[in-house]
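Below is one structure, written out as structure tokens, with a few remarks after it.
As a basis for the values below, the full set of heavy atoms in this structure was taken, side chains included, without hydrogen atoms, waters or symmetry mates. Chain letters run A, B, ... following the sequence lines, proteins first, then strands; residues in each count from 1.
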Protein chains: 2
Amino acid sequence: MRRVDLSDAECPIARGAGELGDWWSLLILRDALDGIRRFDEFAADLPISPAMLTRRLRTLVDSGLLERRRYSEHPQRFEYVLTPRGRAAQVVVVALLAWGNDQLPPQERAVVLADRDTGREVEPVLVDAVTGTPLKDIRLAAVPGPAASEAMLDRFTTLNARRARRRRDRGAA
Amino acid sequence: MRRVDLSDAECPIARGAGELGDWWSLLILRDALDGIRRFDEFAADLPISPAMLTRRLRTLVDSGLLERRRYSEHPQRFEYVLTPRGRAAQVVVVALLAWGNDQLPPQERAVVLADRDTGREVEPVLVDAVTGTPLKDIRLAAVPGPAASEAMLDRFTTLNARRARRRRDRGAA
DNA sequence: AGCAGTGACTACCATGATGATAGGCACGGC
DNA sequence: GCCGTGCCTATCATCATGGTAGTCACTGCT
């Protein structure tokens, strides 16, 4: 599928987009998080052709999000279970859900999240881990981290220059 | 691009995957959130061909994430700025970043988030808006919401039956 | 022994998306 | 009148997608 390779991109968003940035992968991940494991279970839940499903499962296994595990010896049967990395990708799936639900009044939501133990509905928000402030209330900016390369630093220099120029232009106008 | 149409899917994850589920859209969105607006700015920042960029910008405008705005009359010049819905999609981009950074020790991160006003680093986590509990500490389940259709209810019935069966099997083994 | 059924695929193929290159077009400045 | 800039569009080979049909290794029923 990939014509452009993002797997070794420096930016984590680009890498993430490379791994999760196609709808079948996201949908399969959603199903896996819902407890679906077997080929025919995925096939029954998604409007996907078997050929496509085989391909997608393989790429997800290759990128370490799913593990192909034999659950029966005779005949050989396999199931696909989430790896820790795959389970961690729940943030992304939940973010997608939150984004979709945010635009709907509560009565119009077809899917919501709940605590499996207490049954109480859960409403996901992104906050800063340190202060607890919702990220919506912060003017957020991506900045270079400790491991940023020269090219990455240049990119941010350019971005900042552009921001400053636009501020000036608005001020002058 | 779409061979399967997810735009009117009931599940918000599927709808979201339909709109953001390809890597160029995610990357363009990232750039837009970084303040990039113009065709050639996008083109300079991404290894994308002009034809592809035109197509992607158009689909993002069509799905209401970007707005094509004229900023110069003579000659006509356009820029692409985020709509409110597009800005809201920041959750997804930030989740992608958080997922990628989570797997790296802090010194190896090339991009991090910061508060633009205070300059302090921000570490994004998903929590429940009501209790403030991090979602990682909750056994989460998707459940049908008020607007769930018959088909959606059936899907969850099947999922629950499967979960119960597996619990029994494990108990019996 | 024969046969339908299940689970998990693979082969094949038409069609459509992608990405590269090249070109267009409207203007402004020299 | 010509060059450069900004923003695209045209064309086209190649690759990915999605649909249909078939395979293969069993199991269990008759």
Side-chain angles (χ1 to χ4, degrees), chain A residues 1-7 14 17-19 21-28 31-32 36-63 66-81 158 162 165-166 169, chain B residues 1-7 9 14 17-19 21-28 31-32 36-63 66-81 162 165-166 169:
Chain A
M1 171 184 99
R2 199 121 296 131
R3 311 293 290 280
V4 168
D5 185 21
L6 299 173
S7 63
E19 292 187 279
D22 81 288
W23 69 90
W24 288 131
S25 301
L26 284 166
L27 257 15
I28 289 172
D31 280 10
I36 286 182
R37 300 182 178 186
R38 299 190 184 165
F39 191 93
D40 64 323
E41 294 172 353
F42 285 110
D45 194 63
L46 299 169
I48 191 176
S49 75
M52 197 66 231
L53 181 54
T54 304
R55 284 192 285 253
R56 272 320 61 141
L57 287 173
R58 212 194 302 284
T59 61
L60 285 170
V61 168
D62 287 349
S63 55
L66 291 179
E67 187 198 338
R68 188 170 190 262
R69 188 153 76 184
R70 191 171 52 237
Y71 69 90
S72 155
E73 191 73 42
H74 269 288
Q76 290 222 336
R77 291 279 181 274
F78 298 91
E79 58 185 6
Y80 298 84
V81 292
T158 308
R162 186 142 54 216
R165 176 152 31 81
R166 277 213 255 269
D169 289 355
Chain B
M1 172 185 97
R2 201 124 293 129
R3 312 292 291 281
V4 168
D5 184 21
L6 299 171
S7 63
E19 291 185 282
D22 82 287
W23 69 89
W24 287 131
S25 300
L26 284 166
L27 259 14
I28 289 173
D31 280 10
I36 287 182
R37 299 183 180 186
R38 298 189 185 167
F39 191 94
D40 66 323
E41 295 171 354
F42 286 109
D45 193 62
L46 299 170
I48 192 175
S49 73
M52 196 69 230
L53 182 55
T54 303
R55 283 191 285 254
R56 283 292 85 122
L57 287 172
R58 209 193 305 282
T59 62
L60 286 169
V61 169
D62 287 349
S63 54
L66 291 179
E67 188 198 336
R68 188 170 190 262
R69 188 154 73 187
R70 191 172 52 236
Y71 69 90
S72 155
E73 192 74 42
H74 269 288
Q76 289 221 333
R77 292 280 181 271
F78 298 90
E79 59 186 5
Y80 298 85
V81 292
R162 188 143 53 219
R165 178 153 30 81
R166 278 215 253 270
D169 290 356

Q: Map Ser49(B) and Arg58(A) onto DNA chain C by nearest heavy atom, then report which one ends up closer to the 5' terminus.
A: Arg58(A)
Q.
When you compare the side chains of Arg68(B) and Tyr80(B), does any donor N or O come within less than 3.5 Å of an acceptor on the partner?
A. yes
Q. Closer than 4.0 Å, any side-chain N/O of Trp24(B) to the OP1 or OP2 of dT18(C)?
A. no
Q: Would you mind telling me which residue lines up with the more 5' stretch of DNA chain D, Leu57(B) or Ile48(A), judged by nearest nucleotide?
A: Leu57(B)
(Q) Test of understanding: with salt bridge (charged side-chain N to carboxylate O under 4.0 Å, His left out), list the residues that count as partners of Asp45(B), not counting sequence neighbours. (A) Arg155(A), Arg30(B)
Q) How many angstroms lie between CD1 in Ile48(A) and CG in Leu57(A), if you round to the nearest 0.5 Å? A) 7.5 Å
Q.
If you compare every side-chain N and O of Arg56(B) against the phosphate oxygens of dA17(C) (OP1, OP2), does one of them come in below 4.0 Å?
A. no
Q) Any side-chain N or O of Arg55(B) less than 4.0 Å from the OP1 or OP2 oxygen of dC8(D)? A) no
Q: Compute both the distance and the angle, then confirm whether Arg38(A) meets the cation-pi test with Tyr71(A): under 6.0 Å from the six-membered ring centre, within 45 degrees of the axis.
A: yes
Q: Figure out the CD1/P separation between Ile36(A) and dG7(C), and round it to whole Å.
A: 14 Å
(Q) Between C1' on dA26(C) and CZ on Arg70(B), what's the gap in Å once rounded to a whole number? (A) 14 Å
Q: Could you tell me the separation between the CG atom of Leu53(A) and the C1' atom of dG7(C), rounded to a whole number of Å?
A: 12 Å
Q) Under 4.5 Å between any side-chain heavy atoms of Ile36(A) and Ile28(A), yes or no? A) no
Q) Got Thr54(B) and Phe39(B) here, is their nearest side-chain heavy-atom distance under 4.5 Å? A) yes
Q: Please state how far atom CZ in Arg69(A) lies from atom C1' in dG7(C), giving the value in whole angstrom units.
A: 18 Å
Q: Report the distance from atom CE of Met52(B) to atom C1' of dG16(C), rounded to the nearest whole Å.
A: 12 Å
Atom pairs under 3.5 Å, N or O on each side, protein against nucleotides 4-7 of chain D: can you list them with distances?
| unit_1 | atom_1 | unit_2 | atom_2 | d |
| --- | --- | --- | --- | --- |
| dC7(D) | OP1 | Tyr71(B) | OH | 2.7 |
| dC7(D) | OP2 | Asp40(B) | OD1 | 2.5 |

